[in-house]
Protein chains: 2
Amino acid sequence: MTISDVARLAGVSQGTASKALNGRGSISPETVRRVRDAADKLGYQANALARGLLAGRTWTVGLITTDSFGRFSIPVMQGAEDALGPGSMAVFLCDGRGDRIREQHYLRILLERRVDGIIVTGRRQDPRDPIGPAGAAGSAGLAGSSLPVPVVYAMAQSTNPGDLSLVPDDAQGGALAMAHLLNSGRTRIGHVTGPERFAAARLRARGAQRILAEAGLALHGGGPHHGEWTEEWGRQATDALLRSAPDTDAIFCGNDQIARGAADAVRETGRAVPDDVALVGFDNWEVMAAACRPPLTTVDMNLRELGRAAGERLLAGINGAPLSGVEKLPCSLVPRESSRSRR
Amino acid sequence: MTISDVARLAGVSQGTASKALNGRGSISPETVRRVRDAADKLGYQANALARGLLAGRTWTVGLITTDSFGRFSIPVMQGAEDALGPGSMAVFLCDGRGDRIREQHYLRILLERRVDGIIVTGRRQDPRDPIGPAGAAGSAGLAGSSLPVPVVYAMAQSTNPGDLSLVPDDAQGGALAMAHLLNSGRTRIGHVTGPERFAAARLRARGAQRILAEAGLALHGGGPHHGEWTEEWGRQATDALLRSAPDTDAIFCGNDQIARGAADAVRETGRAVPDDVALVGFDNWEVMAAACRPPLTTVDMNLRELGRAAGERLLAGINGAPLSGVEKLPCSLVPRESSRSRR
DNA sequence: ATGAAAGCGCTAACAG
DNA sequence: CTGTTAGCGCTTTCAT
């Protein structure tokens, strides 16, 4: 099933068939019709390998996720597809599973297949070594990636400032959550979050504390309470917080799992959410936020939007635009029951 | 960066360079070394497009997931990669998002790129139309897929019996759960599950009821209680069940979310899990099962194993083996706290 | 052991 | 408007 078969059936030359099918050159309408008919009858589909070989590009981009597709990578990937698909670019997804070896392997696979560009995505914004031949990073300096194709990091950040990284603005998200709690009339607000080694935890806390300071307040019940990103920690820390600072009237939680644990703990001390204690989470992980009792107000990182931006940037890069720097994209607040104003 | 550049640098002909790099023909060790060195120095990587064009195959398989990569598709995909990767096949992942149009689109993309085979994966085992040109299904009859490459359905089932479908054995899984509860000394066992329109719900219930019948028992508190696959429904149905049949000593839940809701409901009636009421879930969705209080005993569908099997079957298909029929792969039980024997 | 040449399927440049 | 030809990068005969 090649274009020669189509040409033969239509009674024209190979070149004419190609032009007729691609709308290039000038071909009589009658011929176009005959060629199209022949192609349809034969179920002809152009061989993308031959086409790519000739054109020097493949209309394919690779997306490497450093950890398995999870709740962070998936929306990023969908956004990227939204941006790339309409221009009929295909996205070649690879799961690095957080393993450098696998990642190198996939990089190789992608480059061999001559993808036009690569998106690297992960689940943390802590800077990571750039993809590419190990050790090439340092030598590259500000010069951008040492790879033969443009690369965009999305929901991941390269330690090489010459690479373009797109990350959610965690500090702004934390500020958003805190401002919302203040607006709903709370003033004695605690903060329970994940491990301090995560940039996300530190930044969210910092943003929240800035807003609090602007209102002349500080975290109620002591500095950010760092622990695991789990429900278990949410319960435990909330329990301790309510014991040491019983008049706490709101808790900003570093993610939705912690918030859900917090909701259970609040309820189990005989208090009500949101009437006694308001809660705000982070991530807008639907299945968590919706199953929480009551449904959880939370911060959405707009990852799909971030993925879309990554796709657009990559397209620009493929067309020759320079790609570098770290860009922070805004989070937004999704209000639900858990932070309703009193009365 | 082509093989000619390598050949020139090594001072040999193109053909010799090719043989040296691929270990074909007979080439003097000395020449091999020179060519390898040249390739290394230049960072040469073969162009997979040119190679594929010539070979008529691409060492690439496509994986189309009918709904976004979620907790069902991901393990299947990983298993498939485990089976295919070592033979250095690349897996081209596509997210159909449950949309037939997108699916067609990706199928096209994959066939244009001349993948060697396709795996279709989903999250339900209810039979679905085969992929491929709409309407081609019926005419194909038992003849297998009308596509030019082999196809395997994994965690998805084609309505065309000529296609090969791999699904978890839900009935066996349900039986496993029920047998486990009986073994732990329970006899008054209820069943709360998802919508009846899901084959999974019906099959799990059927398997459970068969085991119960063999023990001379029947579902306690009435037939399978069908509802949503949500925590909310788990809470609601469990509450109703414990009201109408207060002596219930175990509940088999159709999935882990329902089980988690059930755990909350049991606790809120003043009963203890597992001392008063034992619980078993289904899916082994780690984040749910582990966050449940107490940790949830559940049935694992071994999806990774299923994915691996799909990859192996596809390889066989690519090598010419015929592929058809429906195969059910066994589930296994993951015991945790929620069903510990009393005393 | 090595080189020369053909050809995978396609598009583009150039003739006619 | 249509046909012919060259060549993308690679592997593979077939000579030498």
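By convention in this document, chain letters (A, B, ...) are assigned in the order of the sequence lines, proteins followed by strands, and residues within each chain are numbered from 1.
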If you only use heavy atoms from C-beta on, which nucleotide in [options] is closest to the side chain of [X]?
X: A:Ser26; options: D:dC1, C:dC10, D:dC10; result: D:dC1
X: A:Thr16; options: C:dT2, C:dC10, D:dG3; result: D:dG3
X: B:Val12; options: C:dG3, D:dT2, D:dC10; result: C:dG3
X: A:Ser13; options: D:dT4, C:dT2, C:dT11; result: D:dT4
X: A:Gln14; options: D:dG9, C:dC10, D:dC10; result: C:dC10

For [N], does either OP1 or OP2 sit under 4.0 Å from a side-chain N or O belonging to [X]?
X: A:Ser28; N: D:dT2; result: yes
X: B:Ser18; N: D:dT11; result: yes
X: B:Thr2; N: D:dG9; result: no
X: B:Arg51; N: D:dT11; result: yes
X: B:Arg24; N: D:dT11; result: no

Gap between atoms [atom1] and [atom2], on [X] and [N] respectively (whole Å):
X: B:Leu49; N: D:dT11; atom1: CG; atom2: C1'; result: 15 Å
X: B:Asn22; N: D:dT12; atom1: CG; atom2: C1'; result: 11 Å
X: A:Asn47; N: C:dC8; atom1: CG; atom2: P; result: 12 Å
X: A:Ile3; N: C:dG7; atom1: CD1; atom2: P; result: 19 Å
X: A:Met1; N: C:dC8; atom1: CE; atom2: C1'; result: 15 Å
X: A:Lys19; N: D:dT5; atom1: NZ; atom2: P; result: 13 Å
X: A:Leu54; N: D:dT5; atom1: CG; atom2: P; result: 18 Å
X: B:Arg57; N: C:dG9; atom1: CZ; atom2: P; result: 16 Å

With rounding to the nearest 0.5 angstrom, report the CG to CZ distance, B:Leu166 to B:Arg308. 13.5 Å
Any carboxylate oxygen within less than 4.0 angstrom of a Lys/Arg side-chain nitrogen, looking at [X] and [Y]?
X: A:Asp5; Y: A:Arg8; value: yes
X: B:Asp37; Y: B:Lys41; value: no
X: B:Arg97; Y: A:Asp82; value: yes

Counting the atoms with a prime plus P, OP1 and OP2 as sugar-phosphate, which does A:Ala55 contact under 4.0 Å by heavy atoms, base, sugar-phosphate, or nothing? nothing
A:Glu103 and its side chain to side chain contact (heavy atoms under 4.5 Å, CB included) partner, picked from A:Thr65, A:Asp129, A:Ile131: A:Ile131
